[in-house]
Structure formats: structure tokens, C-alpha cells
Amino acid sequence: MNKKLLIVGGIVTAVVLAAGFFFFRKSSQRGADVIVNVKQGTFRIEIETTGELEAKNSVKILGPTRLRDFNIWNITVQDIIEEGTVLKKGDWVATLDRSEFQKRYGEKQIEVEKASSQYVQQQLDTALTLQQARDELVNLRYDREERQIVLNQSKYEPPATIKQNEIALDKAERAYIQAQENYKIKRRQSVEKMRQMGAEMRKLQNEFSDMMTMMQAFEVIAPEDGMVIYEKGWDGKPIRAGSQINMWEPSVAKLPDLTTMMSKTYVNEVDVRKVKAGQSVEIGLDAYPDKRLKGTVMRVANVGEQRPNSDARVFEVSVEISGTDPALRPAMTTSNRIVAHVLDSVLYIPLECLHSQADTITFVFTRDGMRTIKQEVMIGATNSNDAVVLAGLPRNAPVFLSVPAGMEGESILLLKEMEGKRRRNPGTLDRRQAGVPSEAPSDRQ
């Protein structure tokens with residue numbers, strides 16, 4: 001009898017221990033789940049970017065602007081003043097490399113000397129040619145007069161002799177007239193040729209004079225008072241000593257107007273459709289973490305670009321900072337929070353609560369009394385952390401941040417509001433294939 005009682009007692013104890021182990025195991029698993037409540041309030045759609053301060057208006061400090069006329073397309077900066085230096089008008093800013101230009105300067109000087117020599121030589125040749133033509137005219141005039149004398153003296157000669165003398169006089173007359181016309185043509189030719197050579201020589205002299213003036217432009221000076229800020233090259237790096245500047249944009253540095261500042265930032269192509277001119281921006285400064293500024297989106301680029309060391313295409317956005325702050329300096333790093341849209345009194349949950357099935361149904365894990373269910377939800381606008389819930393959940397409803405244990409294969413309670421709005425494609429499971437019940441309550445809100 002005692003033996004039977006011991007066996008029964010052992011079995012009961014084992015059952016109790018097993019039930020307790022199962023109960024505590026479920027409790028520990030359930031205790032590991034993180035649950036949040038559906039919130040209601042103001043929902044802000046914000047885009048966070050990193051930017052850089054720059055002046056809205058600035059005066060560019062330019063190097064030589066006509067080097068393209070001499071087939072010089074790039075020039076090296078030999079020395080440049082330290083960035084941030086406050087200058088007065090006329091102060092030295094930078095020295096540019098003259099070596100290639102000096103070579104062209106020497107070549108142009110030789111061209112000018114050669115053209116001047118050719119001009120003088122042409123003058124001498126013209127004078128000699130015209131003098132010869134005038135001598136020929138004098139000789140032909142004398143010959144005509146001689147022919148006339150011979151004809152006058154032959155009036156008692158036979159008719160044949162008289163006729164020969166008349167013909168000779170006529171030839172002399174025609175030769176003289178023709179020589180006169182030729183002299184006029186030669187004179188006009190000489191004048192036009194000298195005019196052409198004179199124009200070419202003046203052109204070379206003007207170019208040489210411009211080069212002499214341009215030689216002084218390699219010493220770059222400040223056009224106005226201000227603080228020097230280095231210009232950036234095509235690669236986005238500041239122009240320093242040893243850098244090259246392109247003659248299409250020969251800017252060495254700039255003098256910014258610090259009264260009105262801008263934050264230049266870039267928005268990726270996914271978010272750029274949300275950004276519009278006139279939107280407010282909250283701006284922070286890495287240099288002054290406690291300082292908060294306000295700004296307004298002034299311009300959004302219409303064409304995207306690819307920034308260095310980045311595979312994504314981005315669009316430039318210019319943000320004007322409200323007011324004036326003496327602490328602001330160009331090239332300071334800014335954190336920009338663009339407020340794209342604000343929704344009042346909406347329900348929203350963290351993005352981590354959302355799950356997707358077959359890329360068609362968006363659902364969450366929530367509680368229905370003591371029961372955990374998979375509930376389809378209709379999602380509206382989203383930001384970097386939360387999503388607006390349009391249907392499927394009431395206010396303060398508990399929602400799981402992770403997948404509860406044992407819920408992976410459960411059916412989803414569908415919303416009537418989503419009928420006809422779910423995406424359909426060959427890879428999407430239908431209701432029966434997904435294990436979703438044909439009808440689900442939609443009035444749980």
C-alpha cells in the first residue's frame with residue numbers, strides 16, 4: 001500500500017514540476033517581449049541632412065580672366081594667404097605661377113618684332129615699286145613727245161612714212177595712258193596692303209600690351225574689404241597652394257557677406273519629392289551644440305548630381321538662415337532637420353512594429369484581451385522613426401516591437417478598408433495560400 005502511494009505521489013510531483021516549468025517558461029518568454037502603445041498626437045515628417053554654412057552673397061577674388069585667349073586653360077597657385085584672414089581692399093591674396101604665361105609672352109614679343117620688321121620692309125618695297133612706276137610714266141611721256149616731234153617733221157615725207165609715224169605716236173599715247181592706269185592700281189594695292197599689315201601689327205601690339213598688363217594680374221589682390229574664404233575646386237576640395245584653377249572659372253577665393261548665411265545641403269533622390277521651397281528648417285551647429293537656428297528652404301535643384309565618394313544621386317538644397325549671428329562662419333558643419341509636413345492628432349506607432357507578408361499585407365502583433373493576434377493595418381505617412389496608422393488599431397492599443405514566440409504561422413485579421421488596395425503580382429500569395437481567414441472582424445476599433 002505504501003509503495004503504491006509513493007508511486008502515485010511521484011507521478012503527481014512530476015506533473016506539477018512539468019506544469020510549473022512550462023508555466024514559468026511561457027512567462028519568461030512573454031516577459032521578454034517589448035510592448036508599446038499606439039500614440040495619438042502631432043506627427044512630423046522630417047528629413048535630416050548634413051550641410052555646410054556659406055554666405056548668401058560674396059565677392060569673388062579672380063585671377064587673370066583672359067588666359068584662354070592664349071590657350072592657357074589651367075594655372076597653379078604658388079602661394080595664398082591663410083584662410084580666415086581679414087583683408088583691406090588692395091591687400092595681397094595669392095601669387096599664381098607665371099612660367100607658362102611667360103613662355104607665351106616671349107613668343108608674342110618675337111611676333112611683334114617680326115611683324116614690325118615686315119611692316120617696315122613692306123613700306124620700303126612699296127616706295128621702290130611706286131618710284132619705278134613713276135619713272136616709267138616719265139619715260140613714256142618723253143617717248144610720246146618724241147613721236148609727236150617726228151610726226152611733225154615728216155609732213156613732207158611720203159604718205160607711207162607719215163602713216164608709220166602716226167601709228168608710232170598712237171602706240172606711245174596708248175602706252176602712256178595704260179601706264180597711268182597701272183600706276184593708280186599699284187598705288188591702291190600698296191595702300192591696302194600697308195593697311196592690312198598695319199592692322200595685323202596693331203593687333204599683335206595690343207595683345208602684347210594686354211599681356212604686359214596681365215602679367216601684373218598674377219599677383220592677386222583683394223577687390224573689397226572682408227575675410228578670405230578659400231574657393232572650392234571641381235573635386236570639392238579648397239583651393240590652396242599647389243592647387244590648379246580652371247580658366248573657365250578663375251576664382252581663387254571669395255569675400256563673403258556674413259550678414260546673411262545659407263546652409264547648403266543635399267537630399268537623396270528618395271526624399272527630394274518631399275522638399276519644397278518655403279518649408280521651415282531646424283538647424284544645429286557642430287561647433288555650438290547648444291545653439292539652435294531657424295531657416296527656410298529657398299531653392300531645390302531640379303537636376304541631381306553624384307557627390308564624390310558616393311554612389312547615390314542627390315539634389316542640392318539651399319536653406320537661408322533667419323536673422324544674423326556673429327558666431328556663424330563659412331564652412332561650419334550644420335545638421336538640418338527639414339520639416340516637410342506636420343499632421344495633427346493622428347495615431348502612430350514605431351516602424352519596428354510593422355511586418356509584411358508577401359509584400360502585400362502590412363500587419364502588427366497586438367493583444368485582443370488575453371489573446372495575441374496578427375492584425376492588418378493601413379499605413380499613411382512615415383518619418384525616420386514612426387508611421388501613421390490610418391486603420392486597424394485604436395488609440396493606446398498594445399503593439400509588439402518584435403515577433404512574439406509561436407506567432408509566425410498565425411492567420412492575419414484583414415481589414416475591409418484594404419480590399420482592392422493591396423498590390424497584386426504573380427509572386428503574391430492569395431488569401432488561402434497565406435493561411436488568412438476569408439472573413440475577419442474589422443470593427444475592432
Side-chain angles (χ1 to χ4, degrees), residues 50-108 209-266 285-288 305 307-310 316 318 321 324-334:
T50 300
E52 183 177 293
L53 283 183
E54 63 177 26
K56 182 178 180 180
N57 302 310
S58 59
V59 177
K60 291 189 176 182
I61 304 176
L62 302 177
T65 57
R66 293 184 54 196
L67 290 180
R68 296 194 307 271
D69 298 342
F70 306 100
N71 295 324
I72 298 177
W73 309 106
N74 293 284
I75 191 168
T76 303
V77 179
Q78 282 187 339
D79 193 15
I80 189 169
I81 198 169
E82 185 177 355
E83 189 175 25
T85 304
V86 178
L87 299 177
K88 296 292 184 181
K89 182 177 180 180
D91 287 349
W92 173 85
V93 176
T95 300
L96 307 180
D97 183 17
R98 293 184 175 89
S99 56
E100 186 174 359
F101 182 76
Q102 283 179 330
K103 179 181 177 182
R104 305 294 170 85
Y105 179 84
E107 293 173 352
K108 186 64 66 176
S209 178
D210 290 343
M211 292 183 76
M212 293 178 64
T213 303
M214 198 178 301
M215 186 71 75
Q216 301 174 359
F218 283 81
E219 294 291 332
V220 183
I221 61 174
E224 301 289 345
D225 297 350
M227 183 177 65
V228 174
I229 298 297
Y230 289 163
E231 193 67 271
K232 291 185 178 179
W234 62 269
D235 56 356
K237 297 180 180 179
I239 294 177
R240 304 176 182 274
S243 302
Q244 285 196 332
I245 58 174
N246 192 300
M247 288 301 100
W248 296 105
E249 182 60 36
S251 179
V252 178
K254 56 187 176 182
L255 301 172
D257 178 9
L258 302 180
T259 58
T260 306
M261 300 297 290
M262 305 281 290
S263 175
K264 184 170 72 173
T265 184
Y266 296 89
L285 297 173
D286 289 0
Y288 302 97
E305 59 183 283
R307 301 289 295 166
N309 304 320
S310 175
E316 182 180 321
S318 298
I321 298 174
T324 301
D325 193 326
L328 301 184
R329 291 290 182 269
M332 281 184 173
T333 303
T334 63

Hey, could you give me the [atom1]/[atom2] distance between [X] and [Y], rounded to the nearest 0.5 Å?
X	Y	atom1	atom2	value
L285	T333	CG	OG1	9.0 Å
Y105	M214	OH	CE	12.0 Å
L67	N246	CG	CG	11.0 Å
D325	L258	CG	CG	11.0 Å
L87	L255	CG	CG	6.5 Å
Q102	E107	CD	CD	12.5 Å

Close side-chain approach of [X] and [Y], heavy atoms under 4.5 Å:
X	Y	result
L62	V252	no
R98	Q78	no
M332	Y288	yes

Would you be so kind as to tabulate the donor-acceptor pairs closer than 3.5 Å made by side chains of residues 70-77, with sequence neighbours excluded?
from : atom 1 : to   : atom 2 : distance (Å)
T76  : OG1    : Q244 : NE2    : 3.4

*Is the backbone N or O of G51 less than 3.5 Å from a side-chain atom of S263, with the two atoms forming a donor-acceptor pair by type?*
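Answer holds: no.
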
*Do the side chain of R240 and the main chain of K237 share a donor and acceptor less than 3.5 angstrom apart?*
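Here the side-chain-to-backbone pair does not exist.
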
*Go through the structure and list residues passing side chain to side chain donor-acceptor pair (under 3.5 Å) with K232, not counting sequence neighbours.*
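For K232, the residues satisfying side chain to side chain donor-acceptor pair (under 3.5 Å) (neighbours in sequence not counted) are E52.
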
*Counterpart residues, side chain to side chain donor-acceptor pair (under 3.5 Å), relative to E100 (two or more places apart)*: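 Result, side chain to side chain donor-acceptor pair (under 3.5 Å) vs E100: R104.
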
*Which pair of non-hydrogen atoms, one from S58 and one from P256, has the smallest distance, and what is that distance?*
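Heavy atoms only, the tightest pair is CB-CA, 3.6 Å.
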
*List the atom of I239, the atom of I80, and the distance in Å for their closest heavy-atom pair.*
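Distance-wise, the nearest heavy atoms are O-CD1, 4.0 Å.
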
*Apply side chain to side chain contact (heavy atoms under 4.5 Å, CB included) to I321 and L53, showing your working.*
CA-CA 9 Å; I321 298 174; L53 283 183; 3.2 Å; yes

Pair up each side-chain donor or acceptor in residues 215-230 with any protein partner under 3.5 Å, not counting sequence neighbours, and list the distances.
from : atom 1 : to  : atom 2 : distance (Å)
E219 : OE1    : W92 : NE1    : 3.2
E219 : OE1    : T95 : OG1    : 3.1
E219 : OE2    : T95 : OG1    : 3.4
D225 : OD1    : K89 : N      : 2.6
Y230 : OH     : I81 : O      : 2.6
Y230 : OH     : E83 : N      : 3.2

*Pairs in or reaching into residues 251-261: which pass side chain to side chain donor-acceptor pair (under 3.5 Å), with residues at least two apart or in two chains?*
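Counting only pairs at least two positions apart or across chains, the side chain to side chain donor-acceptor pair (under 3.5 Å) contacts touching residues 251-261 are E231-S251, D257-T259.
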
*Quick one: side-chain contact (heavy atoms from CB on, under 4.5 Å) partners of E54, sequence neighbours excluded?*
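Once residues adjacent in sequence are excluded, the partners of E54 under the side-chain contact (heavy atoms from CB on, under 4.5 Å) criterion are M262, K264.
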
*asked:* Under the criterion side chain to side chain contact (heavy atoms under 4.5 Å, CB included), I'd like the reasoning laid out for M261 against R329: C-alpha separation, chi angles, the key distance, then a yes or no.
replied: CA-CA 8 Å; M261 300 297 290; R329 291 290 182 269; over 6 Å; no

